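Just below is one structure, and these are the notes that go with it.
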Amino acid sequence: MTEKFAVIGHPVAHSQSPALHQAFAAQHSIELDYSLIDCAPAQFDSTVMQFFATGGRGLNVTLPHKAAAFLLAHQVGMRARLANAANTLYYSGEVLLGDNTDGTGLVRDLVGNLQLDLRDSHIVIIGAGGAARGIAAPLLGLWPARLTIANRTVERAVALAENLSGLGNVHARALDHLQDERCDVVINATAASLSGQIPVLNLDVSGAIAYDIVYATRPTLFMDWADQHGAAASHDGWGMLVEQAAESFYLWHQVWPDTRPMIDDRKAYAR
Ligand code: NAP
């Protein structure tokens, strides 16, 4: 029987998730129907419950619904709890489970695909929204010497850093109070690239790795900025997207997809 999955967001038409999940499913001869659901925040809860009531098996959740998904789930895993956000919903028996695969996806891309060793490094996350909350704790699991969270609205960075203080050496900064600090890895977890902007950064990225979690068919403004300021390499978030999708796929189907084809030949999958 063909099982029903979907990604829910607002907007969502740009999502690559259907192509990725269909490709993963083909690797395992699984038949599935993976659709896009665009719904405004006010309709989120009712749309999700309707999806599952009519035979839906699993949902990926994207902007702006990850916090609502976290609240709607009956039980959430540790990754979602640390993020206060869920990007994957599915039922186990009568229980709606919420998980967050964004951070695992980023870590797999950095460590597995890009072969980076971040032990003892200084990692800077720009942003303190849903995506930053999802990636911060998993990044601390890589044993950096220091994690700095810098955000335009400093209160959100402070709250996130306080939440994670038991997990490592975490500091909060206002974006405009970075003082030309040296970093080894800088991750743009803001939505600024989407609106053709880059945060103004007083950060020394010479020799560093720059990673924009937004994915694009050409280098993002943030990647261009990092290259112009001496970064050793800059990457977009395609690998993170593929790996977080693979983790969701595993949660739903209990088999691992091979992500190598999507990493090696993104043009065949990315629109
Ligand atoms: P969000 O919760 O709305 O947070 C947005 C963040 O961006 C906030 O920290 C906000 O700062 C900051 N921001 C927005 N415009 C800015 C600007 N012009 N200058 C400086 N900071 C700015 O969004 P999100 O869920 O974190 O998503 C962020 C991005 O990550 C989205 O583009 C999303 O598509 C992408 N993402 C990619 C993946 C992947 O798999 N590759 C996974 C998840 C998310 P304030 O707090 O000051 O408003």
Side-chain angles (χ1 to χ4, degrees), residues 7-17 19-21 41 44 60-70 79-80 83-88 99-110 113-114 124-139 148-161 172-178 186-203 210-217 220-223 225 234-249 259 262-263 266 269-271:
V7 56
I8 183 166
H10 186 61
V12 77
H14 63 283
S15 174
Q16 316 288 328
S17 293
L20 291 172
H21 280 269
F44 178 74
N60 283 130
V61 181
T62 188
L63 274 173
H65 301 311
K66 290 181 189 180
F70 175 78
R79 299 183 295 194
N84 281 319
N87 76 339
T88 306
D99 204 338
N100 193 316
T101 65
D102 283 339
T104 304
L106 174 65
V107 165
R108 282 226 190 92
D109 195 36
L110 294 172
N113 299 328
L114 300 173
V124 176
I125 297 176
I126 310 297
R133 291 200 307 273
I135 65 176
L139 285 171
T148 300
I149 300 167
N151 196 44
R152 184 175 60 180
T153 309
V154 68
E155 292 80 10
R156 295 179 87 188
V158 169
L160 178 53
R173 290 271 186 282
L175 207 47
D176 54 7
H177 275 70
L178 284 168
V186 54
I187 297 170
N188 181 22
T190 72
S193 298
L194 290 180
S195 50
Q197 299 173 306
I198 50 166
V200 176
L201 296 179
N202 194 9
L203 195 62
Y211 194 105
D212 195 339
I213 71 166
V214 167
Y215 57 88
T217 48
T220 66
L221 286 174
F222 173 76
M223 292 165 66
W225 172 86
S234 59
H235 306 278
D236 77 349
W238 173 252
M240 173 179 171
L241 181 82
V242 171
E243 299 296 342
Q244 63 78 29
E247 182 78 11
S248 292
F249 187 88
T259 56
M262 295 79 181
I263 299 295
R266 64 191 281 171
Y269 300 91
R271 282 184 287 140

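Since we're looking at a predicted model, the values are computed, not measured. Remember, it's 1-based here, ligands and their atoms both numbered in the order they're listed. For the single chain, residues carry numbers from 1 onward in sequence order.
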N/O pairs closer than 3.5 Å, ligand 1 and protein:
from: ligand 1; atom 1: 2 (O); to: G130; atom 2: N; distance (Å): 2.9
from: ligand 1; atom 1: 7 (O); to: A191; atom 2: N; distance (Å): 3.1
from: ligand 1; atom 1: 9 (O); to: A128; atom 2: N; distance (Å): 3.0
from: ligand 1; atom 1: 9 (O); to: G129; atom 2: N; distance (Å): 3.4
from: ligand 1; atom 1: 9 (O); to: N151; atom 2: OD1; distance (Å): 2.7
from: ligand 1; atom 1: 11 (O); to: N151; atom 2: OD1; distance (Å): 3.3
from: ligand 1; atom 1: 18 (N); to: Q197; atom 2: OE1; distance (Å): 3.0
from: ligand 1; atom 1: 26 (O); to: G130; atom 2: N; distance (Å): 3.1
from: ligand 1; atom 1: 26 (O); to: A131; atom 2: N; distance (Å): 2.8
from: ligand 1; atom 1: 40 (O); to: L241; atom 2: N; distance (Å): 3.4
from: ligand 1; atom 1: 41 (N); to: I213; atom 2: O; distance (Å): 2.8
from: ligand 1; atom 1: 41 (N); to: G237; atom 2: O; distance (Å): 3.1
from: ligand 1; atom 1: 46 (O); to: N151; atom 2: ND2; distance (Å): 2.8
from: ligand 1; atom 1: 46 (O); to: R156; atom 2: NH1; distance (Å): 2.6
from: ligand 1; atom 1: 47 (O); to: R152; atom 2: NE; distance (Å): 3.1
from: ligand 1; atom 1: 47 (O); to: T153; atom 2: N; distance (Å): 3.0
from: ligand 1; atom 1: 47 (O); to: T153; atom 2: OG1; distance (Å): 2.6
from: ligand 1; atom 1: 48 (O); to: R152; atom 2: NH2; distance (Å): 2.9

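- A side-chain N or O of H21 and one of N60 form a donor-acceptor pair less than 3.5 Å apart.
- In this structure, N87 and N100 approach most closely via the heavy-atom pair OD1-CA, 3.3 Å.
- Shown here for G9 and T62, the closest heavy-atom pair between the two residues is CA-CG2, 3.7 Å.
- Contact of the Q197 side chain with the L221 side chain is not registered, since no non-hydrogen atoms from C-beta on lie closer than 4.5 Å.
- Note that the CD1 atom of I125 and the CD1 atom of I135 stand 4.0 Å from one another [nearest 0.5 Å].
- Separation of atoms CG (L106) and CG (L241) is listed at 12.0 Å; rounding is to 0.5 Å.
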